[in-house]
Amino acid sequence: MRPVAFAFAAALIATPALAEVKIAHDFPPNEEDSGGYVWAKAFEDHLNANGMEAVGYARNALGEEAERLDQVSQGLLEISMSDVKSAGQLDKLIYGVYLPFLFEDAAGFDRAIEENGLLDRINEGTTPEGVRVLGFQALGLPSGIFNTKQPVATLEDIGALRMRALDETQIALYESWGSTGTMVSWSEVPNALQTGVADGYLNPPIVPLLFGHTDFITHFTDARITPAMRIIIASEDWYQGLSDEERGTVDEGVRLATAANREWLAGRTTVLDDLKAAGIEVLELSDEARASFIEASESVYEDGVLTPDQVQLWLDAAGR
C-alpha cells in the first residue's frame, strides 16, 4: 500500500466514532450486588444512547489485570475496570487509596479525589504512560478482615494469620500489624485459602458473597480500614483522539456512572446480615481495638511505598 493510502487507512481505523468502545468488566453482571457492574452498565448505556457504540466484555474475557493494563496503555483497549495496583505500576501516588483509616467513608474519599485535585495529580503521572484514570468505583462498604481460622477482635489476633496480599502496600500493612502477607492473584485466592497458603484477605463485605467464598471463609471483622475502591482506566490515546463532543459524552458518562454507583452503595445496608446468613461470623472492632490498629498502621504512612510528599498530598486532600 502506498504511504498516503496507508496513513489514511490507519487514521480511519483509529477514529473512535467508527469503532466500538470496548469495556472490560471486573465483576459478574449482577446489578443488585455488584457495584462495578452498576458503574459499567450506566456508563455503557450513556455512551450507547449518545451515538458511541459501547460493548461490555465479561471479567477476564480480554485478559487479566496486567494484560488489560498493557492493552489500555497501547490503545488496544479503550476502558478497563481495574485494580488500583494497575495504575500504581505507572505512578505510586495512587497507592494512597490504601492508606489505612484515612477516610471515614466514600463521600470523604470522593471529596479528596474530585474537589481537592487528587485525580488530576494522579493523571499527571499515568497519562504520559498512555493510561488515564477516569474515576473510582465503590465495591461496597469499607474493607474488613476475612479469614478461615479464627475471630479477629484485637491486633494480637491477626498476628497469627498469613494474609493474602494484592501488592507490596498490603504486605507493609500486614507487617505493621504483626502479621505476614503473601501475594496471590485473585484467580488463585480460593485455592490459596483452602490449602492454607493464605488464611484470609482484606476486602469489602460483599466479596465472598459475589465470588462464592462462603464455603471456606468463616470470620469477618468489620474494621472499616479503607474505602473499597477500584479504578476505571482508559486509553489516553483513545481519549485524546475523541472529538470534543465524544469526550464530553465520555466525561458525562463517568459522572453519571459514578453517581449510580454511589447510589447503589448507599443501599448496601443488609450485607453484614447476608454474611451472617451465609454462616460467616461477623465481629465489629471495639473502639479500643480499632485505636490499636490505627496506631500500628502509622508506620505505613512513614515507611510504606509512598514518598513523604505523596503521603502529604493525600493527608492534605483528606483534610488531615
Side-chain angles (χ1 to χ4, degrees), residues 95-109 111-112 138-166 168-182 193 198-209 213-214 217-229 265-266 268-306 308 311-312 314-320:
Y95 283 145
V97 173
Y98 293 145
L99 288 173
F101 307 105
L102 181 59
F103 299 103
E104 287 297 322
D105 52 30
F109 176 84
R111 284 192 296 272
L139 306 183
L141 299 180
S143 295
I145 303 164
F146 284 100
N147 83 90
T148 62
K149 284 193 170 181
Q150 64 184 39
V152 174
T154 67
L155 191 63
E156 289 72 24
D157 292 334
I158 199 170
L161 303 177
R162 180 169 59 242
M163 301 291 291
R164 177 261 178 173
L166 174 66
E168 63 264 35
T169 62
Q170 284 193 341
I171 294 281
L173 181 59
Y174 296 141
E175 290 176 349
S176 78
W177 293 346
S179 179
T180 57
T182 180
L193 293 176
D199 300 319
Y201 55 54
L202 299 187
N203 260 313
I206 192 62
V207 166
L209 297 169
H213 296 175
T214 55
I217 290 286
T218 55
H219 297 86
F220 175 65
T221 302
D222 186 19
R224 307 189 309 280
I225 301 162
T226 57
M229 296 287 173
L265 178 62
R268 303 306 300 162
T269 58
T270 65
V271 65
L272 296 183
D273 291 334
D274 294 339
L275 286 178
K276 294 174 185 177
I280 295 175
E281 181 182 357
V282 175
L283 293 175
E284 184 173 352
L285 288 179
S286 67
D287 290 343
E288 181 181 0
R290 195 164 191 269
S292 296
F293 272 92
I294 292 172
E295 182 179 0
S297 302
E298 289 179 359
S299 64
V300 174
Y301 288 71
E302 299 169 359
D303 303 317
V305 299
L306 298 181
V311 170
Q312 193 60 51
W314 281 92
L315 292 172
D316 291 344
R320 295 293 183 92

Please find the pair of heavy atoms, one from [X] and one from [Y], that lie closest to each other, and give the distance.
X	Y	result
V300	S176	CG2-OG, 3.8 Å
F109	P227	CB-CG, 4.1 Å
M163	A198	C-CB, 4.4 Å

Close side-chain approach of [X] and [Y], heavy atoms under 4.5 Å:
X	Y	answer
S292	T154	no
L202	I145	yes
V97	T226	no
Y98	L173	no
L283	V152	no
L102	E104	no
L306	L99	yes
F103	R111	no

Holding to salt bridge (Lys or Arg N to Asp or Glu O under 4.0 Å), I want the full list of residues that pass it with [X], two or more places apart in sequence or in another chain.
X	value
E298	none
K149	D199
R290	none
R268	D33

Report the residues that fulfil ring-ring contact (aromatic ring centres under 6.0 Å, His included) with H219, sequence neighbours left out, ordered by chain and then residue number.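 None.
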
Using the test ring-ring contact (aromatic ring centres under 6.0 Å, His included), find all partners of F293 that sit at least two apart in sequence or belong to another chain.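 Only W177 meet the ring-ring contact (aromatic ring centres under 6.0 Å, His included) criterion with F293.
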
Enter the distance from [X]:[atom1] to [Y]:[atom2] here, rounded to the nearest 0.5 Å.
X	Y	atom1	atom2	answer
N203	I225	CG	CD1	10.0 Å
I217	L193	CD1	CG	5.0 Å
F146	R164	CZ	CZ	13.0 Å

Just by modelled atom types, is the [Y] backbone N or O under 3.5 Å from a matching donor or acceptor in the [X] side chain?
X	Y	value
S286	A289	yes
Y301	Q312	no
Q170	G181	no

Please step through side chain to side chain contact (heavy atoms under 4.5 Å, CB included) for the pair L161 and Q150, ending with a clear verdict. CA-CA 9 Å; L161 303 177; Q150 64 184 39; 4.3 Å; yes

In this structure, are over 12 heavy atoms from other groups packed under 6.0 Å from E281 atom CD?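 Correct, the count exceeds 12.
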
Answer yes or no: are there more than 12 heavy-atom neighbours, outside E288 itself, under 6.0 Å from its atom CD?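 Open.
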
Using 30° and 60° as the class limits, which term best fits the ring planes of Y201 and H213: parallel, tilted or perpendicular?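 The arrangement is tilted - the two ring planes meet at 30° to 60°.
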
